[in-house]
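All remarks here apply to the structure that follows.
All residue numbers refer to positions in the sequence shown, counting from 1.
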Amino acid sequence: MYLSLPLPGTRRQLSLEELLKYFTHEETVRDDNAWKCPHCKRPRDAWKKLEIWKLPVILLIHFKRFHVHGHLWDKIQSPISFPISNLDMTSHVVGEAPRAPYNLFAVSNHYGTMSGGHYTAFAKNVFDSDWCSYDDSIVKKVSAGQIQTSAAYILFYTSSPFQRPSIKTW
């Protein structure tokens with residue numbers, strides 16, 4: 001499961017918490033987006049609200065960085081702050097409570113525009129818990145502070161312990 005979070009068209013720093021609140025806030029639909037009444041078949045003002053009922057063990061959070069203006073696509077470059085550990089989703093879930101806080105284990109980054117770009121990634125090494133940067137054939141260790149960039153496109157979280165896999169020898 002993933003959450004695809006819209007970004008307001010702003011250049012200021014945003015937080016994941018702000019984006020989650022924006023995603024689940026109640027909004028009025030009217031005019032061109034008005035709800036069509038199934039009885040009278042006429043457009044009516046209405047309210048809609050998205051709610052999260054249950055979350056998976058692995059949670060992907062996608063930032064909608066591309067926005068259409070007429071026939072042109074624009075990329076929203078706003079930096080987004082997000083927790084590396086202990087993401088508490090409790091206040092955003094209306095049904096079954098999350099199992100445990102989420103911990104980040106990877107970030108997919110997008111550099112460029114809609115018509116051309118480049119993807120890189122940061123991922124936590126399961127063997128030593130160090131963060132690594134992956135850019136084509138270049139892999140290097142980075143600090144946790146380096147993984148929060150304005151290129152963050154998809155966040156990968158887990159609510160299960162991040163541990164070294166057991167390797168069977170023959």
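The side-chain heavy atoms of Leu14 and Pro8, taken from C-beta on, include a pair separated by under 4.5 Å. Between Leu50 and Phe23 the shortest side-chain heavy-atom distance falls below 4.5 Å. At a threshold of 4.5 Å between non-hydrogen side-chain atoms, the residues Ile58 and Leu60 count as touching. With contacts defined as side-chain heavy-atom distances shorter than 4.5 Å, the pair Thr158/Leu104 does not qualify. At least one side-chain heavy atom of Met89 sits under 4.5 Å from a side-chain heavy atom of Leu3. Side-chain contact between Leu87 and Pro101: absent, with no pair of heavy atoms (C-beta onward) separated by less than 4.5 Å. Between Trp131 and Ser143, every side-chain heavy-atom pair lies at or beyond the 4.5 Å cut-off. Within the 4.5 Å cutoff, the side chain of Pro83 has no heavy atoms near those of the Tyr102 side chain.
In terms of modelled atom types and a separation under 3.5 Å, the side chain of Asp31 and the main chain of Asn33 share no donor-acceptor contact. In this structure a side-chain-to-backbone donor-acceptor pair under 3.5 Å is present from Gln148 to Phe82. Between the side chain of Asp136 and the main chain of Ile138, no donor-acceptor pair closer than 3.5 Å is present.
Legend: salt bridge (charged side-chain N to carboxylate O under 4.0 Å, His left out) pairs involving residues 152-163, not counting sequence neighbours: none detected. Listed by first and then second residue, the salt bridge (charged side-chain N to carboxylate O under 4.0 Å, His left out) pairs involving residues 113-134 are Asp128-Lys141, Asp130-Lys141 (not counting sequence neighbours). Residue pairs satisfying the salt bridge (charged side-chain N to carboxylate O under 4.0 Å, His left out) criterion with at least one member in residues 65-79, sequence neighbours excluded, are absent.
Leu16 CG to Leu5 CG: the interatomic distance, rounded to the nearest 0.5 Å, is 6.5 Å. Considering CD of Glu17 and CG of Asp88, their distance stands at 8.5 Å, rounded to 0.5 Å. Note: Ser81 OG to Gln13 CD = 5.0 Å, rounded to the nearest 0.5 Å. Once rounded to the nearest 0.5 Å, the distance linking CZ of Arg30 with CH2 of Trp35 reads 15.0 Å.
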Using distance only, find each side-chain donor-acceptor pair of residues 42-49 under 3.5 Å and give its atom names and separation, not counting sequence neighbours.
residue, atom, partner, partner atom, Å
Trp47, NE1, Thr28, OG1, 3.2
Lys49, NZ, Thr24, O, 3.3

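Heavy-atom neighbours of Tyr2 OH from other residues, nucleotides or ligands within 6.0 Å: at or below the threshold of 12.
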> Could you go step by step and tell me if His118 and Asp135 meet the side-chain contact (heavy atoms from CB on, under 4.5 Å) rule?
Replying inline: CA-CA 9 Å; His118 180 70; Asp135 186 352; 2.7 Å; yes

> Under the side-chain contact (heavy atoms from CB on, under 4.5 Å) criterion, do Ile61 and Ile154 qualify, and how do the steps go?
Replying inline: CA-CA 5 Å; Ile61 299 176; Ile154 303 173; over 6 Å; no

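Under a hydrophobic clustering in which Ile, Leu, Val, Met, Phe, Trp and Tyr are joined whenever their side-chain heavy atoms come within less than 4.5 Å, directly or via other members, Leu155 and Val142 fall into the same cluster.
With side-chain heavy atoms closer than 4.5 Å counting as contact, directly or through intermediates, the hydrophobic cluster containing Tyr134 also holds Val139. Under a 4.5 Å side-chain heavy-atom cut-off, the cluster of Ile, Leu, Val, Met, Phe, Trp and Tyr residues that includes Trp53 is completed by Val94.
Remark: His39 engages no residue in a ring pair (Phe, Tyr, Trp, His ring centres under 6.0 Å) (not counting sequence neighbours). Residues forming a salt bridge (charged side-chain N to carboxylate O under 4.0 Å, His left out) with Glu18 (at least two apart in sequence, or on another chain): Arg12. For His62, the ring pair (Phe, Tyr, Trp, His ring centres under 6.0 Å) criterion is met by Tyr153, not counting sequence neighbours. Every ring pair (Phe, Tyr, Trp, His ring centres under 6.0 Å) that Tyr22 has, sequence neighbours left out, goes to His25. The ring pair (Phe, Tyr, Trp, His ring centres under 6.0 Å) check on His92 picks up nothing, with sequence neighbours excluded. In this structure Asn109 satisfies the side-chain contact (heavy atoms from CB on, under 4.5 Å) test together with Val107, Tyr111, Thr120, Phe122, Thr149, Ala151, Ala152, sequence neighbours excluded.
The aromatic ring centres of His110 and Phe63 sit 6.0 Å or more apart.
The heavy-atom pair separating Ile76 from Leu7 by the smallest distance is CD1-O, 3.5 Å.
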